[in-house]
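Report on the structure given below.
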2 protein chains.
Amino acid sequence: MKERHEYILGEVVKAYLDTGKTVGSRMLSEQGEIGLSPASIRNAMADLERMGLLCSPHTSAGRKPTDDGIRYFVDSLMTVDSALEKRLIASAESNLHSGVELNKVLQQATEELTSLTRFAGLVSVHEPDFKRIKNIELVPISSEQILAVIISSEGEVQNRLVRRTDTMSDDKLREISSKISALLSQCNLKEARERLVKEIDQDRLKIRQLLEELKQWTENPTEGKTDLIFSGQSQLLKMPEFGVIETVRSLFAVFEEKEDLLKLVKEVERSEHGVKVFIGQEHALVDMEEISVVLSRYEGEGRMLGTLGVIGPKCMQYDRVLPIVDCTARWVSKMLGGSR
Amino acid sequence: MKERHEYILGEVVKAYLDTGKTVGSRMLSEQGEIGLSPASIRNAMADLERMGLLCSPHTSAGRKPTDDGIRYFVDSLMTVDSALEKRLIASAESNLHSGVELNKVLQQATEELTSLTRFAGLVSVHEPDFKRIKNIELVPISSEQILAVIISSEGEVQNRLVRRTDTMSDDKLREISSKISALLSQCNLKEARERLVKEIDQDRLKIRQLLEELKQWTENPTEGKTDLIFSGQSQLLKMPEFGVIETVRSLFAVFEEKEDLLKLVKEVERSEHGVKVFIGQEHALVDMEEISVVLSRYEGEGRMLGTLGVIGPKCMQYDRVLPIVDCTARWVSKMLGGSR
DNA sequence: GGCTGGCACTCTATCGACCCGAGTGCTATT
DNA sequence: AATAGCACTCGGGTCGATAGAGTGCCAGCC
């Protein structure tokens, strides 16, 4: 690709991201510092259209970049606003205080994302592996139910209601509780399951029911976890591209469904890169051709903890949004770094 | 108010709730079983307009009920669809199985609400009083942090990260854990705070930092609880009244803000009635004149646990929606009745 | 006296005609 | 190779006419 073409493409994309409208050759020639006549620009644009980087919705409507065009811009032509980046890092540093709970950090992160970008913020929490059991506590709740509180070595807490068919005194329960805790402490899920099976076979403790329910838990420990946090969804409604109700509906259907978004999240979790951008059709969400998603992984103590980012219109200012998402992810990582 | 007028008002409201459009005298005379000429109906309508129960947006546009008109209908004229009600109760009975966790029941309830009404479902969880502490468990997470797991006598579990400034062995921590648990067990928050203060003064255990953080917790135990669960928000977008983007935006702003909705929820929590309806301006949500909210309290084990209901267009079929909300609340109450 | 039919009037929503502006593609020219 | 000019195309906005739905009021009927 010739330098001339790259240059023109860059200008077209910039203008498009600025205004959200198609850009014509005259307007580009007049307002920019291109120094070329409209006709020359038209030639270049025609070439770019043949390459599949630009397209025009109809004959006399100017041109706008295709998804590929924006992709090329983001990957090769764009330079991020480094002054902005520095400011972001500085302001992030300023409110660094560790020892805060995961959920609060994430909540703050989404809000930060929406207030900086004016788009919808999105944070996913990676389903943790619940590697090792640290502690199990059985607490009597009523005559019929027991609450099992299971704590992982990573500080994850889960609780589960268990029916209490076998009648037993609270003292007895306490005794059983510490026995089970001793039995399963330091086990990973597989080991725990094995030990439970063995215990159920022997049936020494006469608490088959309870053990069965615990075993069930080892098979499906993270069932029903909430996994996606949103904020600022209503921000998106301000965008002109949502004049059509249809678009809005499918957007919010996506928010509710979550399935499809989770796919993207998983993809980012697996990827190597920090920030990943999905432009228009690239994310394969139905009826969301005008939407882009910018995501980044965040980490804590070496392991990947989840993904965060924003959802916004395709014509967003990527050179602003990318560093924002990047810095927020770094900030979250730092907050969680030493804390768990 | 004369019988004739009541009758006409009822028919107008019914027609309006059916179609969402203004209703004219001719149309009413032709399709209904009124047996009156358009002119007579017009006279009655003019009277009702003077009474403030009907209004017309402009001269030649037919009439529609005012908020007061709908209110009169709901309070005095409407009969609920008792066949529907019976079916609802039956289907609710059929999937009654107790011993399920609160959150799952509520999630299921909102989904039930949206699928039955095709509006947005809403469930609030009343901030629990966390009456008595049952158990406290301190679990070492890292060299810097301790996880405090606090279990209430109602089976509520909360956990909190605590910094670990005082170095101590895991054994020591276990010892302290059981001491604190013994100290605070069966206390309500006030008593717990007092005992903690006393303990901090004496400073026998040399764990001032830890105790301080626990004391802080007793002062604000439910901080940052999620309190409103939605579902089916995108359903609302299908309603014709959301042709205008403005309405949609303010609606979703309300969803995000939550503040205003919480006010309604609190009102329902305080009220005596089962189901409560807020029509149009009655709920005082800005820009939501075309929206109605139907809420009902639900209970468990005698005490009020929260509120659930739907948010939908003002012209919803109240005779369907009221029993649906009512039955769902009963169902939830039943599910939670014996379970905690 | 209350109900009804008729008539004149009002207001909105819709449709088609029309024009303007923005933009393109092609070709001749420098 | 870049530019200037020209004919052509298409979408959006404005304007006016029309149809339709509905009202209010009046005179007549039971």
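Chain letters run A, B, ... following the sequence lines, proteins first and then strands; every chain starts at 1. Heavy atoms only: backbone and side chains are in, while hydrogens, waters and symmetry mates are out.
Each of B:N43 and B:A61 lies near DNA chain C, and the nucleotide nearest B:N43 is the one positioned closer to the 5' end. The 5' end of DNA chain C is approached more closely, in terms of each residue's nearest nucleotide, by B:L36 than by the other of A:E49 and B:L36.
Not one side-chain nitrogen or oxygen of B:R42 sits closer than 4.0 Å to the OP1 or OP2 atom of C:dT4. The side chain of A:R26 places no N or O atom within less than 4.0 Å of a non-bridging phosphate oxygen (OP1 or OP2) of D:dG5. Considering only side-chain N and O atoms, A:S60 lies nowhere under 4.0 angstrom from the phosphate OP1 or OP2 of C:dG23. Within the structure, every side-chain polar atom (N or O) of A:R63 is placed at least 4.0 Å from both OP1 and OP2 of C:dA22. Not one side-chain nitrogen or oxygen of B:T59 sits closer than 4.0 Å to the OP1 or OP2 atom of C:dT10.
The backbone N or O of B:D260 lies less than 3.5 Å from no partner atom in the side chain of B:H283, so there is not a single donor-acceptor pair. Under a 3.5 Å cut-off, the side chain of B:S29 and the backbone N or O of B:L36 do form a donor-acceptor pair.
One can place CD of B:E30 at 14 Å from C1' of D:dG20, the figure rounded to the nearest angstrom. Across the protein-nucleic acid pair, A:R4 atom CZ and D:dT3 atom C1' stand 12 Å apart, rounded to whole Å. The nearest whole Å value for the distance from the CD1 atom in A:I8 to the C1' atom in D:dA1 is 14 Å. Look at CZ on B:R50: it is 14 Å from P on D:dT23, rounded to the nearest Å. When the P atom of D:dA21 is taken as reference, atom CE of B:M45 falls 15 Å away, rounded to whole Å.
Centroid-to-centroid, the aromatic rings of A:Y318 and A:F73 stay 6.0 Å apart or farther.
Using a 4.0 Å heavy-atom criterion, one finds that B:S40 contacts the bases of the nucleic acid, with or without backbone contacts as well. If you check every strand for non-hydrogen atoms under 4.0 Å, A:S56 touches nothing. Contact annotation for B:S25: backbone-only contact, meaning every heavy-atom pair under 4.0 Å involves sugar-phosphate atoms and none involves a base.
The environment of NZ in A:K21 is sparse: at most 12 heavy-atom neighbours from other residues, nucleotides or ligands sit within 6.0 Å.
The nucleotide whose nearest atom lies closest to any side-chain atom of A:H58 is, among C:dT24, D:dC10, D:dC25, D:dC10.
Exactly one residue among A:L116, A:V310, A:V277 makes a side-chain contact (heavy atoms from CB on, under 4.5 Å) with A:V321. That residue is A:V310.
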